[in-house]
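Scroll down for the structure; my scribbles are underneath it.
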Amino acid sequence: MTATPAHTPDAVHTPAAAHLPDTAPALDIPSATDSMSTTDITSTSLSPSPATEAAALHTPVLAWFETHARDLPWRRPEAGAWGVMVSEFMLQQTPVSRVLPVYEQWLARWPRPADLAAEAPGEAVRAWGRLGYPRRALRLHGAAQAITERHGGDVPRRHAQLLALPGIGEYTAAAVASFAYGQRHAVLDTNVRRVLARAVTGVQYPPNATTAAERKLARALLPADEDTAARWAASSMELGALVCTAKNESCARCPIAARCAWLLAGKPPHDGPARRGQTYAGTDRQVRGKLLAVLRDTHGAVTQRALDAVWDEPVQRARALDGLVADGLVEPLDGGLYRLPRS
DNA sequence: GAAGCGTGGGT
DNA sequence: TACCCAAGCTT
């Protein structure tokens, strides 16, 4: 890290900061031509340069990460790009604690993309277990096939190539490129978005969907150095996961509490529209889950009767089963039999 | 841009 | 007990 030390005599402003170290909450991040400028640390403006402001955030968070990062299997060197990619699929909307055992089994069984690609897709769905959103298993299988066919069996390094794989969107492409290959990307997941919303923007929660303003801010905050940028991505995400949590945030343990715009503003509560809650009981989603659980736990074909037993409302049950078939999660056979997909 | 897509643990 | 929430993606 070549950035300026956090506190240099550039503080011509804010003379007597009685309690906290010179607070500069509102990061004056460039609004145009985002971070293309090189680190012009030498700029002589009276207020700290954006790079200096950003470094004031980076340094404490990177240091905190050194001592507080969890020892997760996909962070170990032996995980490789495939391990990172598998973990990212599994972690899409599923907590770490539930991913851990399935991840270990998955990597032991399919240590390379080609190993998974050689399997029937239904085996991926079965091994997915109860992680939820089983379409992810199908997409991971499809991604493994594409990697095997188009990329010689190696997880591609380029963001655009990753993005072209099934199940990989903006976040996952950036995460794999950054975590697996040490590249410089804005990695905007829900944790990072929350950290930036609070520390920089001064609000309790980010918008429901990722906005252009958030992307611009994240890019502006990206350290210039590639390796530092990759560590910043991991550490800011970890901060959101462990300290700057959605509920019961722990500001007392936060390395940037002194600079958090939201904390400095007195932690004003969120005023925008509430997140739309995800109902579940009685929905097609629940029925799909019950149907697929039967298929997962049965090797070979399942009878219509066995599926009928999981839900008594026939119209909804049929609709859910049709949906699973349409999604490729279930394969219908002749004679009212069903199984996990072989192809 | 909103809706749909699983599951289980915490409060 | 009912919510709320967890490293999103696709249509």
Side-chain angles (χ1 to χ4, degrees), chain A residues 69-70 72-75 79 83-103 125 128-140 142-143 162-180 185-196 204-212 214 218 230 233-242 244-249 270 273-296 310 316 319-320 322-324 326-330:
Chain A
R70 290 168 292 180
L72 300 171
W74 45 86
R75 286 179 177 164
V84 170
M85 184 175 143
V86 169
S87 77
E88 290 301 334
F89 269 78
M90 292 182 173
L91 288 164
Q92 291 168 1
Q93 304 283 276
T94 302
V96 166
S97 61
R98 286 174 45 208
V99 164
L100 283 169
V102 181
Y103 171 87
V125 174
W128 197 254
R130 307 186 71 79
L131 288 182
Y133 294 138
R135 291 194 287 201
R136 292 181 291 166
L138 229 39
R139 290 171 183 155
L140 180 51
L162 290 163
L163 199 55
L165 298 173
I168 294 192
E170 178 183 348
Y171 160 74
T172 304
V176 172
S178 181
F179 302 153
H185 291 282
V187 180
L188 262 187
D189 80 318
T190 188
N191 290 305
V192 175
R193 294 179 62 220
R194 189 172 53 248
V195 168
L196 297 186
Q204 186 177 23
Y205 295 120
N208 283 326
T210 305
T211 63
E214 287 181 275
S235 53
S236 56
M237 190 176 308
E238 189 78 337
L239 185 65
L242 299 183
C244 193
T245 47
K247 294 196 313 180
N248 302 322
E249 69 280 356
H270 185 64
R275 297 177 187 268
R276 65 171 222 287
Q278 43 181 356
T279 53
Y280 182 65
T283 61
D284 286 5
R285 232 150 129 179
Q286 183 182 22
V287 183
R288 287 167 57 110
K290 287 180 175 294
L291 291 171
L292 204 57
V294 174
L295 275 295
R296 268 200 316 264
V310 306
Q316 187 180 28
R319 187 172 63 231
D322 284 350
L324 288 171
D327 288 346
L329 285 163
V330 172

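Reminder, nothing fancy here: chain letters follow the sequence lines and each chain counts from 1. Fair warning: this is a prediction, and the values are worked out from it, not measured in the lab.
A donor-acceptor contact shorter than 3.5 Å is absent between the side chain of A:R296 and the backbone of A:V125. Checking side-chain atoms of A:R193 against main-chain N and O of A:E214 turns up no donor-acceptor pair under 3.5 Å. With hydrogens and angles disregarded, no donor-acceptor distance shorter than 3.5 Å links the side chain of A:Q93 to the backbone of A:G132. Using a distance-only test at 3.5 Å, with no hydrogens or angles considered, a donor-acceptor pair links the side chain of A:R136 to the main chain of A:L131.
Put simply, CZ on A:R193 is 15 Å from C1' on C:dC5, counting in whole angstrom units. We find that CG of A:L91 is positioned 17 Å from P of B:dT7, with the value rounded to whole Å. C:dC4 atom C1' lies 15 Å from atom CD of A:E249, rounded to whole Å. Whole-Å rounding puts the A:Y205 OH to C:dC4 C1' distance at 10 Å. As rounded to whole Å, 10 Å separates atom P of B:dG6 from atom CZ of A:R296. At whole-Å resolution of the value, CD in A:Q316 and P in B:dG4 are 13 Å apart. Note: OH (A:Y133) to C1' (B:dG6) measures 6 Å, nearest angstrom.
Looking at the side chain of A:Q92, the nearest of the listed nucleotides B:dT7, C:dC9, B:dC5 is C:dC9. Taking every side-chain heavy atom of A:D189 into account, C:dA7 is the closest of C:dA7, B:dC5, C:dG8. Between C:dA7, B:dC5, C:dA6, one nucleotide has an atom nearer to the side chain of A:P95 than all others, and that is C:dA6. In the set C:dG8, C:dA7, C:dC4, C:dG8 carries the atom at the smallest distance from any side-chain atom of A:T172. Listed nucleotides C:dA7, B:dG6, C:dT10 differ in distance to A:P134; the shortest reach to its side chain belongs to B:dG6. Distance from the side chain of A:R130 is smallest for B:dG8 among the nucleotides B:dG8, C:dG8, B:dG4.
Backbone-only engagement by A:A246 is indicated by non-hydrogen atom pairs under 4.0 Å involving sugar-phosphate atoms exclusively. Heavy atoms of A:Q286 sit nowhere under 4.0 angstrom from any nucleic acid atom. Within 4.0 Å of A:L72, counting heavy atoms only, lies at least one base atom of the nucleic acid. Base engagement by A:R70 is indicated by at least one non-hydrogen atom pair under 4.0 Å involving a base atom.
In terms of phosphate contacts, A:R288 brings a side-chain nitrogen or oxygen within less than 4.0 Å of OP1 or OP2 of B:dG6. At the phosphate of C:dA6, OP1 or OP2 sits under 4.0 Å from a side-chain N or O atom of A:R194. Contact annotation: A:Q93 side-chain N/O to C:dG8 OP1/OP2 distance is under 4.0 Å. Side-chain nitrogen and oxygen atoms of A:T94 include none within less than 4.0 Å of the OP1 or OP2 phosphate oxygen of B:dT7.
Both A:K247 and A:T283 lie close to DNA chain B; mapped to their nearest nucleotides by heavy-atom distance, the more 5′-ward contact belongs to A:T283. In this structure, A:N248 and A:R98 both approach DNA chain B, and ranking their closest nucleotides by distance from the 5' end singles out A:R98. Comparing A:P166 and A:E238, the nucleotide of DNA chain C nearest to each residue sits closer to the 5' end for A:E238. Remark on DNA chain C: of its neighbouring residues A:W74 and A:I168, the 5'-side contact belongs to A:W74, judged by nearest-heavy-atom nucleotide.
Side chains of A:L72 and A:Y103 form no contact here, defined as non-hydrogen atoms less than 4.5 Å apart. The shortest side-chain heavy-atom distance between A:L291 and A:L324 falls under the 4.5 Å cut-off.
A donor and an acceptor atom, one from each side chain of A:Y171 and A:E88, are located under 3.5 Å apart.
Within 3.5 Å, no donor on the side chain of A:R285 pairs with an acceptor on the base of B:dG4, nor the reverse.
Remark: the separation of the P atoms in C:dC9 and B:dG8 is 23 Å, to the nearest Å. Separating the P atom of B:dA3 from that of C:dA7 is a span of 22 Å, rounded to the nearest Å.
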